[in-house]
There are 2 protein chains.
Amino acid sequence: MKKKKTIYDVAKALNLAPSTISKALNNGAVSSKTKARVLDYVKKTGYVTATSARILKAKYSWTIGVVFSEELNIGLEHPFFSSVLQNFKTYVEKWGYELSFIVQQLGQNKLSYLDWCRNKKIDGVIIVVGDANDRGIIELIESEIKCVSTDIVNDNIHSVRSDNRQGIELSVEYLLETGHGRLGMVAGPQTSSAFTERLIAFREIMKEKNLPLPEEYLIVSEGFGYTSGFNAARKLLGSLTVKPDALLVGSDDISFGVIRGIESLGFRVPEDISVIGFDDISTSRLFTPALTTIRQNKKAIGETAGKILIDLIREKGHKHPRETKIPVNLIVRDSVKMRKN
Amino acid sequence: MKKKKTIYDVAKALNLAPSTISKALNNGAVSSKTKARVLDYVKKTGYVTATSARILKAKYSWTIGVVFSEELNIGLEHPFFSSVLQNFKTYVEKWGYELSFIVQQLGQNKLSYLDWCRNKKIDGVIIVVGDANDRGIIELIESEIKCVSTDIVNDNIHSVRSDNRQGIELSVEYLLETGHGRLGMVAGPQTSSAFTERLIAFREIMKEKNLPLPEEYLIVSEGFGYTSGFNAARKLLGSLTVKPDALLVGSDDISFGVIRGIESLGFRVPEDISVIGFDDISTSRLFTPALTTIRQNKKAIGETAGKILIDLIREKGHKHPRETKIPVNLIVRDSVKMRKN
DNA sequence: TAGTTATTAGAAACCGATTTCCAAAAGGAT
DNA sequence: ATCCTTTTGGAAATCGGTTTCTAATAACTA
């Protein structure tokens with residue numbers, strides 16, 4: 001195991017001062033001639049600067065912190081969030097940044113998000129999953145740390161998310177085109193802003209189109225998964241004499257429960273009731289009936305967030321926070337049926 | 001924004017030397033009285049040691065590197081691997097370690113896994129997804145860095161994986177109990193050791209039980225997903241006059257394709273042919289027919305890997321590498337039918 | 001009580017860069 | 001050729017800890 005090379009070794013070998021090496025490596029003021037000489041030597045010998053030493057003295061770390069709260073019981077397993085993170089990761093790594101999960105504990109002692117970032121001289125932060133009301137998150141967003149979010153929206157942070165309104169609009173219009181007249185919705189828990197937006201959008205669009213929307217056609221599920229969808233659907237339908245002929249659902253995960261819930265009451269999907277989801281996760285294509293849904297563009301979300309954050313770090317534009325909306329697509333499958341009327 | 005506190009500030013405030021503070025914080029030789037005094041003060045003022053400074057001088061970093069190759073096109077989206085990682089993460093964080101993805105690029109320059117680890121003074125590495133033949137991986141495993149793997153097996157590394165043999169045994173026995181006589185298998189790509197083990201186990205078990213296993217009942221799928229399963233099933237069945245009455249499949253993902261492939265040929269699952277998968281991902285429960293499969297215990301895998309790695313780091317036992325097998329479970333659903341004979 | 005040993009606290013070197021400030025060299029203008 | 005700018009390379013300070021070595025103190029032994 002050969003001894004580790006330091007910047008001093010390089011300097012000695014090249015008959016230069018360490019400071020000159022550092023400059024050559026970091027676009028400092030050096031002649032292009034010496035710069036080339038240094039770069040050459042470095043490439044040949046495979047010298048690489050010690051990260052910790054650099055971070056100690058410099059004010060940056062080439063590291064991006066990831067907030068991925070597990071309190072909401074959404075871990076890396078979640079197909080949507082993990083995919084967004086994956087795409088973000090791939091993008092920023094191309095630019096030389098690496099990812100580190102922000103932890104609330106450092107070695108022995110507890111730490112706030114902000115303290116962790118400062119301590120590590122984090123260049124920027126992406127909030128993939130986070131509670132918008134968490135004190136730690138708020139403190140972080142309001143700090144000097146550059147942040148971007150693919151989840152929470154807030155006046156103090158750049159956010160990159162799906163155009164939920166467009167998604168609902170697409171759904172409603174498609175349902176109308178296919179001859180549905182009594183639309184309802186099983187919304188997701190309103191603690192999540194995405195679900196809130198979808199519900200609000202649905203209300204607005206129905207109003208704009210002058211379509212009736214009885215409150216009994218609306219229900220909010222208790223949780224994020226199959227079971228809550230199942231229960232919500234049964235509850236919604238159970239009390240109704242005139243059933244809706246189509247249901248928009250907050251997410252695909254919930255949709256699966258909704259569909260089975262509908263079936264458990266003796267109705268068929270899509271023959272009696274059409275269902276349209278939101279997300280397009282991998283199960284959706286495989287489910288029976290294959291789920292008609294709104295596909296979120298996870299790649300675009302991840303990459304756009306990456307681009308914005310890097311711009312922010314390099315101080316290129318994006319002066320004040322704004323919301324970026326990524327278009328969604330309607331994916332037509334079998335859970336919506338064309339109706340004659 | 002209050003100024004950052006250094007160890008010198010703490011020393012001054014307590015009228016002690018910086019070195020004493022450091023010792024108090026790191027179980028060095030200090031009287032319990034001063035130690036208490038320091039700890040108290042630190043807790044009260046919220047001082048936290050600068051990570052980069054510590055890493056620079058010390059030989060550890062409280063950081064664990066994650067190898068999660070994307071070359072195999074398995075990203076964080078993959079339900080099995082991401083879940084293992086999630087469970088590992090939760091476990092090691094309890095012990096104060098944090099996770100950092102190992103990148104092949106550091107700031108500007110390319111780096112081998114090993115150089116990256118040395119540069120960052122990584123305490124240990126978990127290989128969640130990695131190519132066992134990759135030069136960089138081999139170099140890493142053979143180095144002084146403590147490693148654990150939940151994927152590749154090798155004499156030089158501790159591995160924690162599902163007991164694939166037991167899984168196949170469970171499948172075969174269940175199929176036998178339910179009256180099946182002509183078992184076949186759609187194995188996954190043999191580039192993955194898990195798939196290889198499953199195929200080998202199947203061959204062995206059939207031989208041990210003295211059951212016939214015609215080579216035509218065996219096929220290896222081209223890829224990891226639905227389409228390759230679909231094609232493999234059609235290819236297998238297409239050429240056979242006497243069809244198998246049950247098929248073991250390398251993974252759930254492939255199983256879905258296999259089932260639809262069988263159906264596309266006019267046969268029914270499970271009435272004509274039973275299918276049993278391996279993994280138990282979330283789609284399996286929702287699929288029609290709900291997939292009977294072998295559940296991998298991702299929690300146990302992640303946690304056991306975490307435990308072993310931390311033991312390794314603390315130099316507690318695990319002198320030489322060994323393979324740890326985590327038991328699996330049979331999950332009975334609807335894709336296997338009881339047959340009278 | 002004197003002498004020896006075990007603990008505890010501090011001084012100083014060191015980890016490996018970055019950065020500021022300065023002097024020397026190079027380039028331009030007259 | 002001389003004087004003034006602009007570039008370029010180097011010396012030294014600094015970032016914030018850990019660790020080794022030494023001195024002082026406390027504890028123990030006879």
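Order of the sequence lines fixes the chain letters, A, B, ..., with proteins taken first and strands second; residue numbering starts at 1 for each chain.
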Rounding to a whole Å, what distance do you find between B:Asn26:CG and D:dG16:P? 17 Å
Whole angstroms only, please: what is the CG-C1' distance between B:Asn27 and D:dT19? 15 Å
Full working for side-chain hydrogen bond (donor to acceptor under 3.5 Å, both in side chains) between A:Glu323 and A:Ser159: CA-CA 5 Å; A:Glu323 215 182 316; A:Ser159 62; 4.8 Å; no
Anything under 4.0 Å to a heavy atom of chain B counts; send over the first and last such nucleotide of DNA chain C, read 5' to 3'. C:dT8 to C:dG16
Residue mapping more 5' on DNA chain D - nearest nucleotide basis, A:Lys35 or A:Tyr8: A:Lys35
Can A:Lys298 be said to sit on top of A:Phe80's aromatic six-ring, NZ or CZ under 6.0 Å from centre and within 45° of the ring axis? no
I want to check something: taking the side chain as every heavy atom from C-beta on, are A:Val66 and A:Leu85 in contact at a cut-off of under 4.5 Å? yes
Mind checking whether B:Tyr97 and B:Trp62 have parallel, tilted or perpendicular rings, split at 30° and 60°? tilted
Ring-face cation contact, A:Tyr91 with A:Lys307, 6.0 Å cut, 45° max: no
Taking any heavy-atom pair under 4.0 Å as a contact, classify B:Lys59: base, sugar-phosphate, or nothing. sugar-phosphate
Which is true for A:Ser31 with a 4.0 Å heavy-atom rule: it touches a base, it touches only sugar-phosphate, or it touches nothing? sugar-phosphate
Could one point to a donor on the side chain of A:Lys23 or the base of D:dG10 with an acceptor on the other under 3.5 Å away? yes
Whole angstroms only, please: what is the CG-C1' distance between A:Leu56 and D:dC15? 4 Å
Quick one: A:Arg54 CZ to D:dG16 P, roughly how many Å, whole number? 17 Å
Separation of D:dG10 P from A:Ile7 CD1 (nearest whole Å): 12 Å
NA contact type, B:Ser22, heavy-atom cut-off 4.0 Å: base, sugar-phosphate, or nothing? base
Contact class for B:Leu16 vs. all strands (heavy atom < 4.0 Å): base, sugar-phosphate, or nothing? sugar-phosphate
Whole-Å distance, B:Trp62 CH2 to D:dT18 P, equals 12 Å
Can a side chain N or O of B:Thr49 be found less than 4.0 Å away from OP1 or OP2 on D:dG17? no
Check whether any side-chain heavy atom of B:Val67 sits under 4.5 Å from a side-chain heavy atom of B:Ile137, and report yes or no. yes
OH of A:Tyr60 versus P of D:dC15: gap in Å, rounded? 16 Å
Counting the atoms with a prime plus P, OP1 and OP2 as sugar-phosphate, which does B:Thr34 contact under 4.0 Å by heavy atoms, base, sugar-phosphate, or nothing? sugar-phosphate
Examine the side chains of A:Thr63 and A:Glu98 and answer whether a donor and an acceptor come within less than 3.5 Å of each other. no
Here's a test of your reading of the structure: between B:Lys57 and A:Ser19, which maps to the more 5' nucleotide of DNA chain C? B:Lys57
